[in-house]
Protein chains: 2
Amino acid sequence: MVVVGFIGLGLMGKPMAKRILSAGYKLVVHSRSSPPVEELANLGAEKASSPKEVAAKAEIIITMLPDSPDVKKVVLGENGIAEGVRPGSIVIDMSTVSPMVEMEIAEELRKKGVEYLDAPVTGSTMGAESGTLTIMVGGSKEAFERALPVLKTMGKNIVHMGGNGMGQMTKMCNQVAVSLNLLGTCEAILLASKAGLDPKKVIEVIGSGAAGSWQLNNLGPRMVERDFRPGFKVEHLVKDLRIVREVTSRLNLPLLGVNMVAELVKALEQHGYGSEGTQALITVLEKLATHQVGSK
Amino acid sequence: MVVVGFIGLGLMGKPMAKRILSAGYKLVVHSRSSPPVEELANLGAEKASSPKEVAAKAEIIITMLPDSPDVKKVVLGENGIAEGVRPGSIVIDMSTVSPMVEMEIAEELRKKGVEYLDAPVTGSTMGAESGTLTIMVGGSKEAFERALPVLKTMGKNIVHMGGNGMGQMTKMCNQVAVSLNLLGTCEAILLASKAGLDPKKVIEVIGSGAAGSWQLNNLGPRMVERDFRPGFKVEHLVKDLRIVREVTSRLNLPLLGVNMVAELVKALEQHGYGSEGTQALITVLEKLATHQVGSK
């Protein structure tokens, strides 16, 4: 049986690691904080003291970390994966990070005879728990095929998008659409409210037609109820849109809309909403408009 | 049986009028061009030489016209509805026009003891043909109830949104969300293409999750195929966003996103795409980016 390593047992990583374990794989885990490590150990996972140790014990090593520097450090840093990994193993980064960083890391690991896949996900913690994540994969087709059985324990819609970095590129396309649909949701609801309409009724009426979007139908009602609990946190969208801007700058691609949303979401974080859900974007637009939608 | 009048047998009006006729209502019709009038007459409708004559013969008079000045002229102008309409009748404007104009017209008709409803629709010509339009209605609740059986011949989702103008306000909220989802679709696809991804594959992968929207799933593939045949014409979106800007200016509501899209869609019209579908917006972004998505 393939031994799987998992590094980064955060909000997403922990339920993902649990799914691998309950699918019957032998699992070796490591994380910065110890409670989730203990939780996985109690379920039968083996604890490792460093990414290096995880890599030495596993043939498929998965990382799920906050940002590009974390991934770089865990893979290429001191006591990192690269120090322990055996030729022929596959390292899979499921974090959402810069495609350029993924290409760099892939290059380094290739020198050691190790395959690297970038495989960011969508579907939030609920998808992680139920094993229904969408997984967008960049890297060689061969490594993708070998990793597929393990990825299938975590996701439903698992697609090979191209070479190294292309999983992350796909995730960035996702975040571009998310961002503008979110802004559209805010503006439509703000107009409805200011015009004296019942914003929830408006969402119901327009949500099933050409104006419909996941953002409108799922986050719209929460904006009206002033329910800013996070499904997806503002600080994560800030990070993702920073990556979008790195990518589009690199590609010399002027994208006016998503750049505007990036500025608004940064302003939202500055206003103290970093750990709230992205539906809190409505508050920044309300400040500009001196009009507030709905009430708790 | 209630006699229904219908003025404006264009792309939307003609199939809508046909539905009323085939539901068994006696129908009196008038339109600027004669072929659709003859077509309806052949199906059993009575021809009238002016809006005034339609109004004199019907108790429920429906208008489906291009823009605010057209509606104002047909209702309040020479030989208009107001000259022929009997007290107790209901006039229903199903065009997409300015909420402020609808409030003015309602005020004028009220003086004659005539109720007015603004009842714009969404769902395109396909919805008009199948009688599955969404109809957003502004005006008195009583007039709404009386008009409902006739509206039901044309639509499925028929909702009373508030007083006069509120149907149009709801339609404007719809167009705000449509516009930003459309921009999000363009930018996501442009990024996918420029990054070297297969844009259609990206749409498939991200379209069912948090990035999903009607615009992405329906217009995205057409952008990639360079299929700019109109479902909804650019010139109509230009008009609708002009109304959105009139409304938001009146409400002192700064909506950054939709204003940007309004400028881009106007540029698109200037480039000669007025009678193409709104998915042609991608061409304006491509000009800015000096990169073209897909091919025919």
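Note on naming: letters A, B, ... go to the chains in the order of the sequence lines (proteins, then strands), and numbering restarts at 1 for each one. Note that this is a predicted model, so its numbers are computed, not measured. Values reported hereafter were calculated over all heavy atoms of this structure, with side chains retained and with hydrogens, waters and symmetry mates removed.
- Contact annotation for residues 131-141 of chain B against chain A (heavy-atom separation below 4.5 Å, listed by residue number): Thr134(B), Met136(B).
- In summary, the side chains of His291(A) and Ser193(A) do present a donor paired with an acceptor at a separation below 3.5 Å, with no hydrogens or angles considered.
- In this structure, NE2 on His160(B) lies 10.0 Å from OG1 on Thr170(B), to the nearest 0.5 angstrom.
- Inspection of the Gln168(B) and Asp118(B) side chains reveals no N or O donor paired with an N or O acceptor under 3.5 Å.
- Of the atoms belonging to Val261(A), not a single heavy atom falls under 4.5 Å from chain B.
- The distance from atom CG of Leu216(B) to atom CE of Met223(B), rounded to the nearest 0.5 Å, is 8.5 Å.
- Each of Met169(A), Glu204(A), Arg250(A) has some count of heavy-atom pairs under 4.5 Å with chain B, and the biggest count is that of Met169(A).
- Between chain A and the residues Cys173(B), Gly184(B), Gly207(B), the largest count of heavy-atom pairs under 4.5 Å involves Cys173(B).
- The aromatic rings of Tyr273(A) and Phe228(A) sit perpendicular to each other, their planes meeting at more than 60°, with 30° as the lower class boundary.
- Contact count versus chain A (heavy atoms, under 4.5 Å) is highest, among Leu253(B), Thr185(B), Leu264(B), for Leu253(B).
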request  = Please lay out, stage by stage, how Glu263(A) and Arg245(A) fare under the test salt bridge (charged side-chain N to carboxylate O under 4.0 Å, His left out).
outcome  = CA-CA 11 Å; Glu263(A) 292 294 336; Arg245(A) 292 166 95 166; 2.8 Å; yes
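- In this structure, chain B has a heavy atom under 4.5 Å from the side chain of Thr248(A), while its backbone stays farther away.
- Summarising the geometry, atom SG belonging to Cys186(A) is positioned 13.0 Å from atom CG belonging to Leu191(A); distances are rounded to the nearest 0.5 Å.
- Only the side chain of Asn157(B) comes within contact range of chain A, with at least one heavy atom under 4.5 Å from a heavy atom of that chain.
- At a 4.5 Å heavy-atom cutoff, the contact between Met161(A) and chain B is made by backbone and side-chain atoms alike.
- Ranked by heavy-atom pairs shorter than 4.5 Å toward chain B, the options Asn174(A), Asn252(A), Ile189(A), Val244(A) are led by Asn174(A).
- By a heavy-atom distance cut of under 4.5 Å, not one residue of residues 119-128 of chain A is near chain B.
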ask   = Does the side-chain contact (heavy atoms from CB on, under 4.5 Å) test come out yes or no for Ile158(A) and Phe144(A), once each step is laid out?
value = CA-CA 10 Å; Ile158(A) 306 167; Phe144(A) 172 78; 3.9 Å; yes
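- Contact annotation for Met260(B): only side-chain heavy atoms (C-beta onward) come within less than 4.5 Å of a heavy atom of chain A.
- Leu182(A) contributes atom CG, which lies 6.5 Å from atom CG of Leu219(A) (distance to the nearest 0.5 angstrom).
- Using a 4.5 Å cut-off between heavy atoms, Val159(B) touches chain A through its side chain atoms alone.
- Options Gly162(A), Ala210(A), Pro254(A) differ in how many heavy-atom pairs under 4.5 Å they form with chain B, and the most are formed by Ala210(A).
- Residue Lys201(A) places its NZ atom among more than 12 non-hydrogen atoms of other residues, nucleotides or ligands, all under 6.0 Å distant.
- For Lys287(B), the NZ atom is densely surrounded, since the number of other residues' heavy atoms within 6.0 Å is greater than 12.
- Between Lys200(A) and Glu225(A) there is a salt bridge, since a side-chain N of the basic residue sits under 4.0 Å from a carboxylate O of the acidic one.
- Counting heavy-atom pairs under 4.5 Å between each of Thr290(B), Leu285(B), Leu251(B), Asn217(B) and chain A puts Leu251(B) at the top.
- Interface summary for chain A: among Gly165(B), Gly163(B), Gly209(B), Ala211(B), the most heavy-atom pairs under 4.5 angstrom belong to Ala211(B).
- Residues Glu286(A) and Arg226(A) are paired through a salt bridge, judged by an N-O separation under 4.0 Å between the basic side chain and the carboxylate.
- Annotation: the span from Lys171(B) atom NZ to Ile243(B) atom CD1 amounts to 9.0 Å, rounded to 0.5 Å.
- The contact between Leu190(A) and chain B is made by backbone and side chain atoms together, counting heavy-atom distances below 4.5 Å.
- Between the OG atom in Ser68(B) and the CD1 atom in Ile105(B) there is a gap of 8.0 Å [rounded to 0.5 Å].
- Considering only heavy-atom pairs separated by less than 4.5 Å from chain B, the leading option among Leu197(A), Val202(A), Leu183(A) is Leu197(A).
- With chain A as the partner, the residue from Asp198(B), Val176(B), Leu255(B) showing the most heavy-atom pairs under 4.5 Å is Leu255(B).
- Residue Leu11(B) qualifies as open at atom CG: its count of foreign heavy atoms under 6.0 Å is 12 or below.
- With salt bridges taken as basic N to acidic carboxylate O contacts below 4.0 Å, none links Lys233(B) and Glu269(B).
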